[in-house]
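Notes follow once the structure below has been shown.
All ligand and atom numbering here is 1-based and tracks the order in the structure. None of these values were measured; they are calculated from a predicted model.
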Amino acid sequence: MTKVHYYAATTLDGFLADPNDSLEWLLRQEIDAEGYGSYPGFIAGIGAIVMGSTTYEWIVEYLKSSGEKWLYEMPAWVMTSRDLEPFPDADIRFALGSVRPVYDEMVTAAGGKDLWVVGGGDLVGQFADEGLLDEMFVCIAPVVLGTGRPLLPRRYDFELLETGRNKAFVCARYRFVGPLAEGQ
Ligand SMILES: NC(=O)c1ccc[n+]([C@@H]2O[C@H](COP(=O)([O-])OP(=O)(O)OC[C@H]3O[C@@H](n4cnc5c(N)ncnc54)[C@H](OP(=O)(O)O)[C@@H]3O)[C@@H](O)[C@H]2O)c1
């Protein structure tokens, strides 16, 4: 059964990026690339990814300034209402509106592997609102920013499945439960 993952790094106060989309606070942290929750182990199980346009434009700018190629081998959907340029030599599919048809296309493209909703937080919320989120894995950097791009701007319950440490980060894997149980 295909699972949908949210796998991200966050500040202690729940931000993916600062208000200017800077990840400087994240990229300077110590991390063991082969350690707990590391990216290579995660990405090996992923057959399709989806991201919002801010995340896409951040990646494009980063890759263009460093002269690097597209990072992902699997098909990537980018949610946008705008007419964006696809990155050269990359399998990128632009989409807008409901995420359900995007999910269906991703499952087919993934050929039995899992899906990764890269972010941002509201896009993850769009999947979760449709019942299309299974797990969240977060690595928490020892930083607070006060404001920024939110990890997940909704009210949900999660179940803690596992925790570990990777250098500067505390990491945790959660099962998505559903809308926050309130008034109980
Ligand atoms: N720390 C981490 O691990 C991590 C992970 C992921 C992202 N990030 C960073 O966090 C920030 C996230 O930015 P963000 O919060 O703005 O989120 P985002 O999801 O990257 O971008 C949001 C934009 O995507 C488009 N969009 C989203 N859903 C759509 C839909 N259903 N239909 C059409 N368009 C849709 C909209 O823009 P338009 O329609 O105007 O194009 C929307 O304003 C970025 O700076 C990114 O680099 C960090």
Side-chain angles (χ1 to χ4, degrees), residues 4-31 33 35-43 46 48-66 68 70-72 74 76-87 90 92-106 115-133 135-154 156 166-174:
V4 180
H5 301 266
Y6 184 24
Y7 173 94
T10 177
T11 66
L12 277 164
D13 51 349
F15 296 109
L16 292 174
D18 87 358
N20 302 314
D21 295 305
S22 171
L23 297 181
E24 189 278 328
W25 57 272
L26 174 61
L27 299 176
R28 67 178 161 78
Q29 301 297 332
E30 261 197 276
I31 190 153
Y36 181 77
S38 72
Y39 180 76
F42 169 73
I43 201 71
I46 299 298
I49 67 174
V50 59
M51 66 188 76
S53 64
T54 312
T55 301
Y56 174 69
E57 288 182 301
W58 187 94
I59 294 171
V60 167
E61 198 177 306
Y62 175 82
L63 295 179
K64 287 198 168 158
S65 65
S66 59
E68 288 174 58
W70 184 242
L71 302 170
Y72 308 106
M74 66 290 295
W77 275 257
V78 175
M79 302 302 298
T80 184
S81 58
R82 292 172 295 134
D83 200 10
L84 298 179
E85 286 286 313
F87 194 86
I92 290 169
R93 306 156 191 212
F94 295 106
L96 80 165
S98 168
V99 296
R100 188 163 284 276
V102 172
Y103 167 83
D104 291 338
E105 288 172 33
M106 290 175 71
L115 312 184
W116 177 22
V117 187
V118 181
D122 184 74
L123 180 61
V124 176
Q126 293 174 48
F127 276 79
D129 286 347
E130 294 276 348
L132 298 176
L133 179 66
E135 287 192 9
M136 174 169 74
F137 187 89
V138 287
C139 285
I140 305 165
V143 169
V144 292
L145 291 174
T147 58
R149 306 293 191 185
L151 175 69
L152 220 183
R154 299 283 204 281
Y156 295 134
N166 187 320
K167 298 270 184 177
F169 296 88
V170 170
C171 304
R173 192 161 66 86
Y174 299 89

(message) Closer than 4.0 Å to some heavy atom of Asp21 - which atoms of ligand 1 meet that?
(response) 11 (C), 44 (C), 45 (O)
(request) Do me a favour and list the nearest non-hydrogen protein atom to atom 19 (O) of ligand 1 with residue, atom name and distance? (result) Gly120 N, 2.7 Å
(message) I'd like to check which ligand 1 atoms, numbered from 1 as shown, lie under 4.0 Å from a non-hydrogen atom of Gly119.
(response) 19 (O)
(request) Name the closest protein heavy atom to atom 40 (O) of ligand 1, giving the residue it belongs to and the distance to 0.1 Å. (result) Arg82 NE, 3.0 Å
(request) Report the part of Gln126 (side chain from C-beta onward, or backbone N, CA, C, O) that has a heavy atom under 4.0 Å from ligand 1; answer both or neither where that applies. (result) side chain
(request) Please check if the distance between the ring centroids of Trp116 and Phe42 is under 6.0 Å. (result) yes
(message) Any protein heavy-atom neighbour for atom 43 (O) of ligand 1 (distance below 4.0 angstrom)?
(response) no
(message) Ring centres under 6.0 Å, that's the criterion: do Tyr56 and Phe94 meet it?
(response) yes
(request) Would you sort out whether Arg82 and Ser53 count as a side-chain hydrogen bond (donor to acceptor under 3.5 Å, both in side chains), showing the intermediate values? (result) CA-CA 9 Å; Arg82 292 172 295 134; Ser53 64; 3.2 Å; yes
(request) Check each atom of ligand 1 against the heavy atoms of Ser81 and keep those under 4.0 Å away; list them by number with element. (result) 33 (C), 34 (N), 38 (P), 39 (O), 40 (O), 41 (O)
(message) Suppose I only count heavy atoms of Trp58 and a 4.0 Å limit; which atoms of ligand 1 are within that range?
(response) 47 (O)
(message) Tell me the protein heavy atom at minimum distance from atom 22 (C) of ligand 1, and give that distance in Å.
(response) Thr54 OG1, 3.6 Å
(request) Work out whether the distance between some heavy atom of Val118 and some atom of ligand 1 is less than 4.0 Å. (result) yes
(request) If you have a sec, work out which protein heavy atom is nearest atom 41 (O) of ligand 1 and how many Å separate them, to one decimal? (result) Thr80 OG1, 2.5 Å
(request) Identify, by atom number and element, the atoms of ligand 1 in contact range of Ala9, meaning under 4.0 Å from any of its heavy atoms. (result) 1 (N), 2 (C), 3 (O)
(message) Closer than 4.0 Å to some heavy atom of Ala8 - which atoms of ligand 1 meet that?
(response) 3 (O)
(message) How far is atom 7 (C) of ligand 1 from the closest protein heavy atom, and which atom is that?
(response) Thr55 OG1, 3.3 Å
(message) Just to confirm my output: which protein heavy-atom neighbour is closest to atom 36 (C) of ligand 1, and how far is it?
(response) Ser53 OG, 3.9 Å
(message) Could you identify the single nearest non-hydrogen protein atom to atom 32 (N) of ligand 1 and state the distance to 0.1 Å?
(response) Gly97 N, 3.1 Å
(request) Check ligand 1 against Leu96 and write out every atom of the ligand that is under 4.0 Å from a heavy-atom position of the residue. (result) 32 (N), 33 (C)
